**Student:** 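Please see the structure below; I have some questions.
Not measured: the values here are computed from a predicted model. Quick note on labels: first sequence line is chain A, next is B, and so on, each numbered from 1.
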Amino acid sequence: MALAEATEPTGSIEAVKARGHWAGAWARFRANRLAFISLIFCGLLVITAIAAPWIAPYHFTETDPTARLAPIGADGHWLGTDMLGRDLFSRMIYGLRTALFVAFGAELASLVVAIVIGLSAGYIGGRVDQGLMGITDVMYAFPSYLFAIVLVTVMGRSLWAVMLAIGISSWVTQARLVRAQVLSVKEREYIEAARSMGASGTTISFRYILPNAVGPLLVTTSFAIPAAIGAEAGLALLGLGVQPPTPSWGSMISEGTSYILAAPHLLLFPAGMFALTLLAFTWVGDGVRDAFDANGESR
Amino acid sequence: MSFASYMAKRIVRMVLSLVAVSMITFTLLQMAPGNFADIQRISAGAAQFGGAGTEDMVHAFASRYGDDIPAWRQYLIFMKGAATWDFGPSYKYPTRDVQDIIAQGFPISATIALIAVAISLVIAIPIGMFAALRQNSPADHGTMFVITLGTALPNYLTGVILVVIFTLTFGILPSSGWSGPEHMVMPILALVLGPTAVLARYVRSSMLETLREEYVVAALAKGGRQSVVITRHALRNSLIPIVTVLGPLLASLMTGTVFVEALFRIPGLGLFFAQAAASRDMPLLMGTALFFALILMTMNLIVDLVYGYLDPRIRAAGGVSRWRSQKRLSRQAA
Amino acid sequence: MVDVSDVAEPVTTERAASERPVIAAEHVDKVFNTRAGEVHAVRDVSLAVHSGQTLGLVGESGSGKSTMARLLMGLLPPTSGTVRLDGLDLSTVRGARLRQLRSQMQMVFQNPFGSLLPHYSAAANVAEPLRLHKRGDKAWRRERAVELLDLVGVNRRFVDHYPRQFSGGQQQRIAIARALALEPRLLVCDEPTSSLDVSIQAQVLVLLEELRSRLGLTVVFISHNLAVVERFADRVTVMCMGQVVESAPTEALFGAPRHPYTEKLLAAILPVTSDPLPQPDISWRSSPDQPSALVEVAPGHEVRES
Amino acid sequence: MTNSLLEVRDLRTDFLLKSGRLRVVDGVSLTVEPGQALAIVGESGSGKSITMRSVMRVLPKTARIAGGSVRLDGRELTELPERQMRQVRGRQIGMVFQNAMEALNPTLTLERQLTEHLSWHGICGKAEARRRAIETLGDVGIPEPEKRIRTYPFQLSGGMRQRAMIAMAMVARPSLLIADEPTTAVDVTVQRQILDLLAEFKARGTGIVMITHDLGVARYFCDDAVVMYAGRIVERAPVRELLARPSHPYSTGLFRSTIEVGGRDRALAPIPGAPPDLAQRPPGCAFHPRCERAESVCRENEQMLLPLTVNGVSRGTSGRPGAVREAACWKVAAHG
């Protein structure tokens, strides 16, 4: 048929391989050296946190009465010990475990809730939407840190409580974002096209809208992880975090400042590791954002 | 919608939100294990002070609510007082009314926060502009790197780093207390970094977007000097959206001072809030929560009003939706 | 109730075609409630398209022609009046049944990139309506999609590319293939070429022309471009501010337009081989709040009184 | 010898990409006389807009003029210092864009946007500028200009906005107006009004360059036309002659792709394929992959833009002085 020949695609497309949305984003992420190295580093941190009992030379409660406030390079404690004679290196690893457990748990929980609620509010609209916006209004009036503080007081200072408190105070923002994304994707012509093909509401929500809203959501989630790590440490700093003796970088930093002259390493190492972790996760977030921005999909 | 009815609506919503905040806080506090007396007894016991805390609490509680008043009535009595700016005496500091504690603590928190935001704005706008105008240059990449540092580090961690530098290494600034200007330097510095980074990033991306607008090309095509076009056409329009992030930013800063206050031992309001939650000091907690919520919502209202003032499309009632749909339509036509 | 399998049978005789239109709108009104108040987008529009015929719907922006397309497709419910597909009132069917009916009518949109699923490949986009209506298995659907893409002139080698990797003209071809996948009887084209370059516009129109005659499609063709409509439609309906101002067989409308607004539209065309028509002397101002009657001035030629 | 209003010779503009320099305007020459309108016809990506932005030197950051000359009233613009070039923009050359919604600043009043460049160029004081702005708004057919000058662009209807943008370009009374698809975004019935309005300025002696993809607009409004394809001019002719007898196969294809009322019997013969990606420009004549008349010479070498001749005699310029017919095609120039 003459038509088929008539529309032989020109140059440009021959050179380009079929590449989907995700493959393109991943290729751009890989090309970003800082982000890629940070991702590897974050992966190592996660493995360390999971394998903490095998990696850490001591348990975090184990005290060494013979070596209190031992300096760096002390016998058997290469990063020294704290005022109770607990191994700093071990406590830092367990602190990492606490931070990542709380952060990932909180963000995962808030993400699931946010997706379900944001998606229904955005897609169904009407009352569901008004309900969400009502809750959002109130939550926006309640500074998130303060809400987390109150929640921790209510639920006690267990690991789960801290995780929940941080998750609950962050889901609203996420849900609002999902809703905004859904509303903007919903306006696209392809959703109308899908309706005209006879697609049902659930198909449209989960097969068409959600995958196209995931990019921006992934971006905020990757920034929310370091924020949650920061929140966990912040609560601990105020004495409202995970109940001691479970280590948290926040409480370690807080204790460190008390011994700042006598044993500066008690402050320097946890604070340094904390900063490095936050930066690595943020750089991953940066990379994710740039990878998705270049698609022009988020515009 | 007229301005008056808009304001009326906003104020009704604010009042409803305040009621909701108070109910949530009160309910949560009732659900919390242990009351003020228990907490005091535990900590007092540890400190070998006998039952002093309990007496204080009984004293404060009785002076306000009498004995054996059920929780819901306590709430109503509290709210009745709150409506007239009378939160009653704190449990922990029974000789002081909560509104007096707020009046004493808030100016400290507000001073730090406002100075920090002002400094951030002054630094962030030129930095963001500079990065946008030199997009993809090494200068831009360098700026963005520093900005990432700023967004990644929480203010208390910056505070710790400052303490390490200025107190530990050089010994030129005090690490805690609140009595003179030298005590303000490090808390403010610690608070400045984050907002500066956030604002600079927004200014940069907003500026980049505006520079791509055709009206900027049109102004250049009229023979405008680049600097004039940037300040008159691009800067103004790219700063309008910045106003919207200022609200949440101020909010997070006002409450975010709590960590800096804890770190530097500053008697600000944030610290009182944290203590109140830990010790189940109902009037203090409720009072500070309501006060923070009020500040936050007022801030957002002001931001919205300023935004409307700056953008004539919003100033003309209902203008914004029409403009957007027209713009979308014209894009489709193109 | 009309049995769907029955409806799918092609109507062969002339008589059957004249009896019942494939799609018909009867006194349709559409009012949108917006923040700025009520917008009366479509006012008392009636039209009918018989099997194998093409109706051109012409108007400027804001004339309500795109709203009309969505009303015909059952994507929007009319505020009053009825839309019938093969005699079946669309407002009486809901949910799964309505979705099933949609396989009978498909739409081609103005912006091809916007109307394709960005995260699906070309073949997956074309196969999607088949999947939604549970036709065949996965392998068959893909094969069918490739066949359809071949039909509209998209090379087999590129069926696994994603929409944004194609040019605008190619994207519109993919969208057309998708619209044809379910073998619909009715194709609604909403400005299918106006976002394309001149040389590509002609390609797509030639393709649509050929497909229409080969597949015996019934078409509603919406455009602001009278020349395109003249070429493509058997009958033309001119809309202005939500109302029909003139409706006639194509030759009658272009040969002897009766309504001043139609004349104005015709005079607005800038031809390439001749000078444009003189602008009409009488300028017509519509007053939609006091609608005048639509009068039949010749067989099948209706004009709104001015 | 008298100078033309605008004389562009062998203009070349590159985009600086990571992969190297990409030539998007390649050896373009054109001339505009006062009171005449030149159409630059081409599809998207043909380089027509970049050509005129090169003339004004308002290019995207990554674009550079690589060579050639641009003379306005005999004065070379490409080497003018930026300070003097600014005096040319807006004062001697005005520019009208496709979409007034985008080209007018949404947060400034019309007064501000119509008068600011009068003071930038030191043409007149504030009161006089305001008077001139009101006058020009009246000229472009905006009712109650004294009132409208205080409004913001979004408060005007689409047609009025387009007029206001034309007023902005014309308020300094430039001698040359560049109109970049000025009617593409407006409704069909408004299109002709806008063109008639521009024709008034033309009648008063303004030279106009009309960038368009619409042959109908070119015929209605312009005197001469150049057809651009892949950054080069492939044909140059008086508009009516171009449309009566297009000679380059691309012009012919464009003409045959255009649908017009009454042309129902004319077979639509679209050009196959799509315009090339400039980064992978075909060797030889860039149009050859889409050209049914292409031969081996077309695939290997590029033909220059040459006058069309019949037996050595220039043809088809209908006697108007300065009118030229040229085409860049082996199959055309060789035997006319």
Side-chain angles (χ1 to χ4, degrees), chain A residues 1-27 125-126 184-216 218 292 294-299, chain C residues 70 73-75 95-96 98-122 125 128-129 131-133 150-167 169-170 173 175 178-179 181-182 188 200 203 206-207 210-211:
Chain A
M1 192 173 77
L3 266 172
E5 186 213 38
T7 59
E8 196 69 15
T10 48
S12 59
I13 196 166
E14 303 254 11
V16 184
K17 273 190 171 161
R19 199 164 78 173
H21 188 85
W22 294 101
W26 173 239
S184 93
V185 174
K186 208 170 118 183
E187 290 289 304
R188 304 283 177 92
E189 238 169 349
Y190 58 81
I191 297 304
E192 195 175 31
R195 286 218 298 137
S196 78
M197 292 188 302
S200 66
T202 21
T203 308
I204 291 177
S205 303
F206 288 98
R207 287 185 74 99
Y208 310 149
I209 295 184
L210 193 56
N212 288 298
V214 154
L218 196 64
F292 278 99
N295 266 339
E297 287 289 312
S298 56
R299 261 184 296 154
Chain C
R70 282 148 184 84
M73 287 293 297
L75 289 170
L98 178 63
R99 290 201 292 275
Q100 200 187 350
L101 266 185
R102 291 243 166 88
S103 66
Q104 306 270 313
M105 39 181 184
Q106 290 287 300
M107 189 158 170
V108 175
F109 295 83
Q110 173 176 358
N111 170 4
F113 179 61
S115 72
L116 293 170
L117 293 165
H119 57 303
Y120 279 29
S121 70
N125 260 296
E128 188 62 9
R131 195 189 67 79
L132 288 170
H133 290 271
D150 200 45
L151 177 72
V152 298
V154 175
N155 195 301
R156 273 168 189 276
R157 280 181 292 159
F158 307 116
V159 298
D160 291 322
H161 283 61
Y162 287 82
R164 83 192 126 76
Q165 297 178 297
F166 290 90
S167 66
Q170 293 278 320
R173 285 168 192 272
R178 178 178 66 178
L182 291 165
V188 176
I200 311 298
Q203 290 175 6
V206 167
L207 172 70
E210 194 188 299
L211 290 171

**Student:** So that I can tick it off, tell me whether C/Glu128 and C/Arg131 are bridged by a salt bridge, with the cut-off set at under 4.0 angstrom between side-chain N and carboxylate O.
**Tutor:** yes
**Student:** Between C/Gln203 and C/Arg173, do the side chains contain an N or O donor and an N or O acceptor separated by less than 3.5 Å?
**Tutor:**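 A pair is found: one side chain offers a donor N or O, the other an acceptor, under 3.5 Å apart.
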**Student:** Less than 4.5 Å to any heavy atom of chain A: does that hold for the side chain of C/Leu132, its backbone, both, or neither?
**Tutor:** side chain
**Student:** Only pairs at least two apart or in different chains count here, so list each salt bridge (Lys or Arg N to Asp or Glu O under 4.0 Å) that has a residue in residues 107-120 of chain C.
**Tutor:** none
**Student:** As an exercise: rank C/Ala179, C/Gly169, C/Pro129 by heavy-atom pairs under 4.5 Å with chain A and give me the winner.
**Tutor:**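 Most heavy-atom pairs within the cutoff with chain A belong to C/Pro129.
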**Student:** Taking side chain as everything from C-beta outward and backbone as N, CA, C, O, which of these in A/Thr203 sits under 4.5 Å from a heavy atom of chain C? Side chain, backbone, both or neither.
**Tutor:**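 For A/Thr203, the side chain is the part near chain C, not the backbone.
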**Student:** Looking only at side-chain N and O atoms, does A/Tyr190 offer a donor or acceptor that is under 3.5 Å from a partner on C/Asn125?
**Tutor:**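 Note: C/Asn125 and A/Tyr190 side chains miss the donor-acceptor criterion.
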**Student:** Top residue by heavy-atom pair count (under 4.5 Å) with chain C, among A/Ala199, A/Ala194, A/Gly201?
**Tutor:** A/Ala199
**Student:** Listed by chain and number, what are the side chain to side chain donor-acceptor pair (under 3.5 Å) partners of C/His133, not counting sequence neighbours?
**Tutor:** none
**Student:** Tell me which of these, C/Arg178, C/Met73, C/Met107, has more heavy-atom pairs under 4.5 Å with chain A than the rest.
**Tutor:** C/Arg178
